[in-house]
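Because the structure is predicted, anything quoted here is derived from the model rather than measured.
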Amino acid sequence: MPLRTGASVGIVQAAPRVRIAPSPTGYFHVGTGRTALFNWMFARREGGTFVLRIEDTDTARNRPEHVEGILSSLRWLGLDWDEGPYLQSERGELYRDAISTLVQSGAVYACDCTTAQIQQRARERGGPPGYDGFCRDRGLDPAESLMLRFKTPREGTLQFTDLVRGDPTFPLAAIEDFGVRKSNGEPLFILANVVDDADMAITHVVRGEDHTSNTPKYALLWEALGYGELPVFAHLPLINNAQGKKLSKRRDKVAVEDFRDDGYLAEAMVNYLALLGWSPGDDREILALDEMVEAFRLEDVKSAPAIFDERKLAAVNSHYLRNLPEADFVERSQEWLRSRWAPLAPLVQERVRTLAEVYTMADFAYRGEPVVDLVEWRKAVRKNAKFGEVLEAAIETLAVATWDVEGIHQALSSAGEKVGVANLRDAQAPVRLAVMGRPVGPPLMEGIELLGRDRTLSRLRAGQVRLHEESPTG
RNA sequence: GGCCCCAUCGUCUAGUGGCCUAGGACACCACCCUCUCAAGGUGGAGGCACGGGUUCGAAUCCCGUUGGGGCUACCA
């Protein structure tokens, strides 16, 4: 049970405890990075504790190896945590206890509705989508393998303290009977989240604005569990793309590790992220970590969303790069070069005759666009009547391929079959030329895997354009 | 649709009723410096979404309109 001295004693304000609670999705979102940064700055500024908790309750989706990606991204950014990582997957007992408390007090009830049934009823009702409380009074046995839902009050309002956006008020009637436990017995996000925040004595919940509407549910659960005084909230504005939509993996570059791989310095990344939604209140734009900590106040965080502008990030980055002592610059650029080279080296070892040849076998991985050997390109086009068709088919199959050597191999094979080329080699030559620019080089599949889907596809498309330009009509 | 939130140059922001002829940064343009390109320096263009109030005075307070975003899962 958390103890908050500040309110009751009124003299000693307890040191705040904050947390970052990412879920292992396979990459570390820049928005999560910024949330982590703000939590971290707040904790450091106030002499508080920064807790790392991995929210991996969804066993069907989370992969344990993804946790390492979270840790390494946090370390790269320089955001050291004081406690954790705590894994929710190892804290099941806590959630089960909380659930049985809720069952005993009658705060929750069992529900056997399927999603389809819920939607069906909503349609017939003609009203808003969402759960209608159908099972509330059916008295289903909560001991069964059924989903458990929280009995949300049907009237009244609920308000909570939010340091960045005033104190939002929600009408309780708008909050449906949300689920707290899956039918397989696993806790749902909101339950685990609340139980852990209480157990870890979190005093300030600093998270993205996308959680604002979860907060009433959070508060309801918190109260039902008898946890006492609610934490203070701070919902940070979201980071949007140029279209004004929240950054998503599907359309945008969002993974912290992608920025690292593209050659951004961690200190530049942190500096830029800090300035998204916050400013020290004066005209300073370039700030060292300790200067940011010194000036940081949650109350100064803006409540309007910000658009992520990579050009400005690049400007901040170039500033840091220029100001590096020469020896550091040498060291860090070498380190970056090496990280790209390491996975490639074993692939070219048995092909090069001199170390100098390493360069021409590897440059495709370093350049934005490959250096295309036009003599070889034309020769290959002449020899293969289906050159263009192969590129076309490869774009289609690679766009949806599983991104590993096996998946890429399958994609290229089926592309070859689709256009009816005699053997796999004929299907590969055009792809290799388009992607690597040369007829020889590292193994195609491995090279493509390393390059990544986006760059591979854009090179194939560039290849199609080149094909047209190279062969005027006739 | 319902609920919540937001609104200063293209973008990130300063601004919390008079210091605002709205400041800075990125991007853009011009010039200077310069063996090139950068970097650096100087200057320029560019904004308070709209309409009502409140006030001696509104970017700042209130209301409305418009526009935008988030949430609305047995994901987190």
Side-chain angles (χ1 to χ4, degrees), chain A residues 21-25 29 32 53-62 88 110-116 118-119 122-123 125-131 145-149 157-160 162 164-176 178-193 207-217 235-247 271-287 299-319 321-323:
Chain A
S23 61
T25 52
H29 195 285
T32 313
R53 179 171 81 219
I54 309 294
E55 306 224 320
D56 57 350
T57 56
D58 190 356
T59 50
R61 287 157 59 121
N62 295 321
Q88 288 191 326
C111 168
D112 64 358
C113 297
T114 62
T115 306
I118 294 169
Q119 289 171 346
R123 261 197 306 278
R125 206 168 55 237
Y131 187 68
S145 293
L146 296 175
M147 183 195 190
L148 249 31
R149 289 182 182 277
T157 59
L158 190 150
Q159 190 177 39
F160 54 88
D162 192 314
V164 343
R165 47 197 68 236
D167 299 336
T169 304
F170 284 82
L172 258 14
I175 301 165
E176 62 177 22
F178 56 93
V180 300
R181 187 196 70 183
K182 304 184 199 179
S183 53
N184 68 5
E186 287 174 8
L188 249 357
F189 155 76
I190 190 75
L191 189 273
N193 195 250
R207 55 191 345 184
E209 199 215 295
D210 47 345
H211 284 291
T212 320
S213 48
N214 280 327
T215 308
K217 301 175 190 173
H235 287 102
L236 309 175
L238 259 21
I239 299 176
N240 291 158
N241 62 20
Q243 286 69 244
K245 308 283 186 199
K246 89 172 174 175
L247 285 180
N271 193 148
Y272 176 70
L273 250 20
L275 261 24
L276 242 34
W278 175 78
S279 103
D282 49 40
D283 286 340
R284 284 179 296 167
E285 299 268 344
I286 301 293
L287 295 149
E299 291 84 348
D300 292 339
V301 175
K302 264 192 42 151
S303 47
I307 290 173
F308 192 93
D309 182 8
E310 191 169 350
R311 287 181 310 178
K312 181 142 184 179
L313 204 214
V316 173
N317 200 58
S318 69
H319 177 93
L321 243 18
R322 263 181 265 118
N323 284 283

Contacts of type side chain to side chain donor-acceptor pair (under 3.5 Å), residue A:Glu176, not counting sequence neighbours: none

Residue pairs fulfilling side chain to side chain donor-acceptor pair (under 3.5 Å) with at least one residue in residues 304-315 of chain A, sequence neighbours excluded: A:Lys253-A:Glu310, A:Tyr264-A:Glu310, A:Glu285-A:Lys312

Summary of protein contacts for nucleotides 69-76 of chain B, nucleotide by nucleotide, where a base hit scores B, a sugar-phosphate-only hit scores S (4.0 Å, heavy atoms): BSS--BBB

Set of residues satisfying side chain to side chain donor-acceptor pair (under 3.5 Å) with respect to A:Arg322, sequence neighbours excluded: A:Ser318

Residues which pass side-chain contact (heavy atoms from CB on, under 4.5 Å) with A:Lys245, listed by chain and number, not counting sequence neighbours: A:Asn241, A:Gln243, A:Arg251

Nucleotides 26-38 of chain B: protein proximity per nucleotide (B base, S sugar-phosphate only, - neither; heavy atom, under 4.0 Å): SS-----------

Test salt bridge (charged side-chain N to carboxylate O under 4.0 Å, His left out) applied to A:Arg53 - qualifying residues, sequence neighbours left out: A:Glu55, A:Asp196, A:Asp197

All ring pair (Phe, Tyr, Trp, His ring centres under 6.0 Å) counterparts of A:Tyr131, not counting sequence neighbours: none

Span that lies between the C1' atom of B:rA27 and that of B:rC5, in whole angstrom: 29 Å

Partner set under side chain to side chain donor-acceptor pair (under 3.5 Å) for A:Thr32, not counting sequence neighbours: none

Side chain to side chain donor-acceptor pair (under 3.5 Å) partners for A:Glu209, two or more places apart: none

Qualifying side chain to side chain donor-acceptor pair (under 3.5 Å) pairs with a residue from residues 165-175 of chain A, counting only residues at least two apart or across chains: A:Gln159-A:Thr169

Nucleic acid contacts of residues 274-282 of chain A, taken as heavy-atom distances under 4.0 Å to RNA chain B: A:Leu275, A:Leu276, A:Gly277, A:Ser279, A:Gly281

Pairwise P distance for B:rA25 and B:rA45, with rounding to whole Å: 15 Å

